Enquirer: 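Quick one: this structure, given as structure tokens, is what I'll be asking you about.
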Amino acid sequence: MGQRLRFAPSPTGLLHVGNARTALVNWLVARHTGGSLVLRIEDTDVERSDEENERAILADLAWLGIEWDEGPDIGGPYGPYRQSERLDRYTEVADRLVASGWAYPCFQTAEQVESLRQQARQGGGSFRFRGEHRDVSADEARALIEQGGAALRFKVPDTDVRFVDDLRGETGLVAGEIGDFVVTRADGSPTYNFAVVIDDHDMRIDRVVRGEDHLPNTPRQILLYEALEWQPPAFTHLPLILSPDRSRLSKRQGATSVAEIREGGVLPEALCNFLALLGWSPPDENEVLRPAELEAVYDVSKISAANSVFDLTKLEWLNGQHMALLSPGDLLDRVTPFLVEAGIELPGPGLGREREWFAAAAVLAGGGARRLTELAARLRELICPSWGGLFEANAEVRDDEEARAVVGAFAESSRAGELDNEEAYLDAVSRVREATGAAGRRLFHPLRLAISGRDSGPELKQLIPLLEVGARLALEPAVPGVAERIDRALGLRRS
RNA sequence: GGCCCUAUCGUCUAGCCUGGCCUAGGACACCGCCCUCUCAAGGCGGAGACACGGGUUCAAAUCCCGUUAGGGCUACCA
């Protein structure tokens, strides 16, 4: 029987990698067990929540390939899925708590409670708040609530609270550690601990997978489940993701939002793969796994309970691996937004030959690239070099008689149309070698420099035919062929 | 401060539950070699860890206690 899981982000900002990991694990477990994933928006903090963030979070999840079965955008049998739309339900349950003597009104402000807490801390002990109306009857409580302005507090019982965390085993808190916490604010809105219990129960969630920062909250929630006589779900608290200095992951130490990572040219499957590898390792030694493969082998119970550091270098490596796994057409599709940004307009999807050429060019230019942004930059440089830069890079070729002879011969071959396939190119290489006596590095280095302005890059036997074919295609901007590049490098042609 | 969680190479981890098979395995990064017109990629090899201290045991990375360190919570945030 599949499990029902949920991912419940708060729309107070962009989707963070930590939350993305939580979402991914929930999704993986739901898929692996044949269960379902519920997406719920926790927007009870009206001050900090906004719709723009919610839209962005949904878009980021979709980009990652995380699909939900029920949610605010698609509905489902246990909606609504936005806490701001469930206020009546929270009030209903709060009334029930008051009626059964589990909750009472409290007029102390947050500031007053905070100063009590500070005092207790000075004294060195732990702090446990209890409101003055804690022991009133249900009728008295209702009368007090009538006056308005009261928050509702949960009357925490004097018992130990134990529960099982899937990764840590039994844990909990001893009696007296928890003070009476607020369940409903003075304005009537529910607090996190309260709303989450009601929603998880109402939405039939049987397994909660969330960040370890929620571990100390769990006993409070267990207490609520008990007071309400509901069955609590199973809990799995995921360790946190840390910055390289082992402090809390912060913006200062690089990209922490999914949006930034995407804009940095990272593939969603690479990010998922990377996130899955935090705290977990696959049963066999291959770590490069696509979403479907992850789904098949991922085992949430094997996740380490220790926090892990976000290692950007490994993410980049994985990205390179996933880029290499893509078909030429897919790679071109993925890099297209970055090419557009780099000023290259791609021919529409209808133009078969031109698109095929671009796809081949992307594969060739991208050899070893780790990010789509890097591939786009390399591709741009390859197909439309700056003439000034090319000329400058070729001073040594112009000053060297043999080098000049080599590239001049290739320019001739190009003009004769003898370089547009690998075989013809290889023949041309043999002829030039014989005619000039240049071989090896002395033959290839000037040629590479003259056509690309660089001393490293893709294999010439692939690059040269590609450029020659590209030059004959009606591309915009036009791709200069080998002869033109050499002319520019030698300064024989200027515009 | 109080409470909770955690602790194997620089990083992500396997091994820990069910002590001997661990001379502690893999991946990223690093170094070297090979391949090669170049840079990558790829192949091969190298260096690199059981936080510390006590126990328990014939035997501890593995079990127990403590210390230290890191992280979390301590809100009418989530």
Side-chain angles (χ1 to χ4, degrees), chain A residues 8-12 19 42-45 47-49 83 106 108-111 113-114 117-118 120-128 150-153 165 167-169 171-174 176-179 181-193 195-196 210-219 237 239-240 242 244-248 274 277-288 302 304-318 320-321 324 366-370 429 439-449 452 454-461:
Chain A
S10 176
T12 54
N19 289 329
E42 309 219 323
D43 55 353
T44 58
D45 184 354
E47 294 289 300
R48 304 197 305 148
S49 302
Q83 290 188 330
C106 176
Q108 305 253 10
T109 63
E111 292 72 32
V113 178
E114 182 55 30
R117 189 186 317 279
Q118 290 303 336
R121 188 190 282 210
Q122 305 295 347
S126 64
F127 173 69
R128 187 185 187 197
L152 246 38
R153 282 184 187 271
D165 174 84
L167 302 182
R168 283 159 261 263
T171 179
L173 254 29
V174 297
E177 282 297 332
I178 309 176
F181 55 91
V182 171
V183 120
T184 298
R185 300 182 185 106
D187 68 2
S189 65
T191 59
Y192 166 74
N193 280 121
V196 79
R210 74 223 310 189
E212 191 190 271
D213 46 342
H214 290 286
L215 200 53
N217 276 322
T218 310
H237 289 94
L240 269 21
L242 269 25
D245 67 355
R246 299 216 147 255
S247 66
R248 190 170 201 164
F274 173 76
L277 253 21
L278 292 179
W280 176 82
S281 64
D284 64 17
E285 292 187 342
N286 175 220
E287 294 189 341
V288 181
K302 290 268 204 303
S304 152
N307 292 169
S308 42
V309 170
F310 187 91
D311 180 5
L312 191 63
T313 308
K314 185 148 185 180
L315 205 212
E316 289 178 327
W317 173 76
L318 274 170
Q321 296 291 311
R370 296 189 154 201
V429 168
R441 188 177 163 78
R442 295 210 325 280
L443 172 63
F444 294 107
H445 184 67
L447 177 57
R448 176 179 294 288
L449 212 50
S452 72
R454 292 191 147 268
D455 45 30
S456 68
E459 279 192 61
L460 292 175
K461 66 179 180 185

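Side chains are part of it too, since the values below use all heavy atoms of this structure and drop only hydrogens, waters and symmetry mates. All figures in this text were calculated on a predicted structure; none of them were measured in a lab.
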Enquirer: Across the strands shown, which category fits A/Ala305 at heavy-atom distances under 4.0 angstrom: base, sugar-phosphate, nothing?
Expert: sugar-phosphate
Enquirer: Do the side-chain N or O atoms of A/Gln321 get closer than 4.0 angstrom to the phosphate oxygens (OP1, OP2) of B/G42?
Expert: yes
Enquirer: Distance between the C1' atoms of B/G43 and B/C4, in whole angstroms?
Expert: 49 Å
Enquirer: When you compare B/A14 with B/G32, how far apart are their C1' atoms, in angstrom units rounded to a whole number?
Expert: 27 Å
Enquirer: Identify the nucleotide, in any strand shown, that forms a Watson-Crick or G-U wobble pair with B/U57, with both distances under 3.5 Å; if there is none, say none.
Expert: none
Enquirer: When we call it a touch if two heavy atoms are under 4.0 Å apart, what does A/Leu277 touch: a base, just sugar-phosphate, or nothing?
Expert: sugar-phosphate
Enquirer: With distance as the sole criterion, do the side chain of A/Arg448 and the base of B/C37 form a donor-acceptor contact below 3.5 Å?
Expert: yes
Enquirer: Using Watson-Crick or G-U wobble geometry with both distances under 3.5 Å, which nucleotide pairs with B/C52?
Expert: B/G66
Enquirer: Record whether the side chain of A/Glu287 comes under 3.5 Å of the base of B/G26 through a donor-acceptor pair of N or O atoms.
Expert: yes
Enquirer: Considering every strand and a 4.0 Å limit on heavy-atom distances, what is the contact class for A/His214: base, sugar-phosphate, or nothing?
Expert: base
Enquirer: Considering only the P atoms, how many Å lie between B/C52 and B/C9, rounded to the nearest integer?
Expert: 10 Å
Enquirer: What interatomic distance, in whole Å, is found between P of B/C63 and the corresponding atom of B/A41?
Expert: 40 Å
Enquirer: Taking atom types as modelled, find out whether A/Thr191 and A/Asn193 have a side-chain donor-acceptor pair closer than 3.5 angstrom.
Expert: no
Enquirer: Do the side chain of A/Ser10 and the main chain of A/Glu42 share a donor and acceptor less than 3.5 angstrom apart?
Expert: yes
Enquirer: A/Ser247 has a side chain; which of B/G71, B/C76, B/U6 sits nearest to it?
Expert: B/G71
Enquirer: Paired with B/C9: which nucleotide, if any, by Watson-Crick or G-U wobble criteria at under 3.5 Å for both distances?
Expert: none
Enquirer: Using the P atoms only, state how far B/C12 lies from B/G72, rounded to an integer number of Å.
Expert: 15 Å
Enquirer: Counting any heavy atom closer than 4.0 Å, what does A/Arg48 reach on the DNA or RNA strands: base, sugar-phosphate only, or nothing?
Expert: base
Enquirer: Does any N or O in the side chain of A/Arg441 come within less than 3.5 Å of the main-chain N or O of A/Pro446, such that one atom is a donor and the other an acceptor?
Expert: no
Enquirer: With a 4.0 Å cutoff (strictly under), does any side-chain N or O of A/Thr171 reach OP1 or OP2 of B/C5?
Expert: yes
Enquirer: Within the 4.0 Å heavy-atom criterion, would you say A/Ser189 contacts the bases, only the backbone, or no part of the nucleic acid?
Expert: nothing
Enquirer: What integer distance in Å separates A/Asp165:CG from B/C73:P?
Expert: 16 Å
Enquirer: Taking the same atom, P, in B/G70 and in B/A27, what whole-Å distance lies between them?
Expert: 32 Å
Enquirer: Quick one: look up who B/U18 pairs with, Watson-Crick or G-U, both distances under 3.5 Å, and put none if it's unpaired.
Expert: none
Enquirer: Could you check whether A/Leu447 gets within reach of a base, just the sugar-phosphate, or nothing at all, counting any heavy atom under 4.0 Å?
Expert: nothing
Enquirer: Heavy atoms under 4.0 Å, any strand shown: does A/Ala110 hit a base, just sugar-phosphate, or nothing?
Expert: base
Enquirer: Between the side chain of A/Asp43 and the main-chain N/O of A/Ser49, is any donor-acceptor distance below 3.5 Å?
Expert: no
Enquirer: Partner lookup for B/G1, please. Criteria are Watson-Crick or G-U wobble with both distances under 3.5 angstrom; report none if nothing qualifies.
Expert: B/U74
Enquirer: Which part of the nucleic acid does A/Gly279 contact within heavy-atom distance under 4.0 Å: base, sugar-phosphate only, or nothing?
Expert: sugar-phosphate
Enquirer: Between C1' on B/C73 and CD on A/Glu212, what's the gap in Å once rounded to a whole number?
Expert: 10 Å
Enquirer: For a quick check of understanding: with a heavy-atom distance under 4.0 Å over all strands, which category does A/Ser456 fall into, base, sugar-phosphate or nothing?
Expert: base
Enquirer: Taking only N and O in the side chain of A/Arg248, is any of them less than 4.0 Å away from OP1 or OP2 of B/G72?
Expert: yes
Enquirer: Using a 4.5 Å cut-off on heavy atoms from C-beta on, say whether the side chain of A/Pro216 contacts that of A/Leu173.
Expert: no
Enquirer: In whole angstrom, give me the gap between the P atoms of B/A49 and B/G10.
Expert: 7 Å
Enquirer: Given B/C37, B/A78, B/G25, identify the nucleotide with an atom nearest to the side chain of A/Asp45.
Expert: B/A78
Enquirer: Could you check how far CG of A/Leu240 sits from C1' of B/C4, rounded to whole Å?
Expert: 13 Å
Enquirer: Mind calculating the distance between CZ (A/Arg442) and P (B/U38) to the nearest angstrom?
Expert: 14 Å
Enquirer: Would you classify A/Asn286 as touching base, sugar-phosphate or nothing, given that sugar-phosphate means primed atoms plus P, OP1 and OP2, and contacts are heavy atoms under 4.0 Å?
Expert: nothing
Enquirer: Less than 3.5 Å apart, any donor N or O on the side chain of A/Arg210 or A/Thr218 sitting next to an acceptor on the other?
Expert: yes
Enquirer: How long is the straight-line distance from CD of A/Glu114 back to CD of A/Gln108, given to the nearest 0.5 Å?
Expert: 12.5 Å
Enquirer: Any side-chain N or O of A/Thr44 less than 4.0 Å from the OP1 or OP2 oxygen of B/A78?
Expert: yes
Enquirer: B/A29 P sits how many Å from A/Asp311 CG, rounded?
Expert: 9 Å
Enquirer: Distance between the C1' atoms of B/C28 and B/C65, in whole angstroms?
Expert: 37 Å
Enquirer: Within a strict 4.5 Å, meaning less than it, do heavy atoms of the A/Asn217 and A/Phe181 side chains meet?
Expert: no
Enquirer: Mind checking if A/Glu459 touches a base, just sugar-phosphate, or nothing, with heavy atoms under 4.0 Å?
Expert: base
Enquirer: Distance from A/Phe310 atom CZ to A/Leu278 atom CG, nearest 0.5 Å?
Expert: 8.0 Å
Enquirer: Could you state the CG-P distance from A/Leu167 to B/C4, rounded to the nearest angstrom?
Expert: 19 Å
Enquirer: Can you tell me how far P of B/C73 sits from CZ of A/Arg210, to the nearest Å?
Expert: 13 Å
Enquirer: Ignoring backbone atoms, establish whether A/Ser308 has a side-chain N or O less than 4.0 Å from OP1 or OP2 of B/U13.
Expert: yes
Enquirer: Under a 4.5 Å cut-off applied to non-hydrogen side-chain atoms, are A/Pro219 and A/Ile178 in contact?
Expert: yes
Enquirer: Starting at CZ of A/Arg246 and ending at C1' of B/U11, how long is that distance when rounded to a whole Å?
Expert: 8 Å
Enquirer: Please determine whether a side-chain nitrogen or oxygen atom of A/Arg121 lies at a distance below 4.0 Å from atom OP1 or OP2 of B/U74.
Expert: no
Enquirer: What nucleotide among B/C5, B/C28, B/U38 has an atom nearest to a side-chain atom of A/Arg441?
Expert: B/U38
Enquirer: On RNA chain B, does the nearest nucleotide to A/Leu242 precede the nearest nucleotide to A/Asp455 from the 5' side, or the other way round? Give the residue.
Expert: A/Asp455
Enquirer: Kindly say if A/Arg454 contacts the phosphate of B/A40, meaning a side-chain N or O under 4.0 Å from OP1 or OP2.
Expert: no
Enquirer: Side-chain donor or acceptor of A/Asp213 under 3.5 Å from a matching atom on the base of B/A78?
Expert: no
Enquirer: Counting side-chain heavy atoms from C-beta on, which of B/C4, B/C37, B/C28 comes nearest to A/Leu460?
Expert: B/C37
Enquirer: Does B/A41 pair with anything, Watson-Crick or G-U wobble, both distances under 3.5 Å, and if so, with which nucleotide?
Expert: none
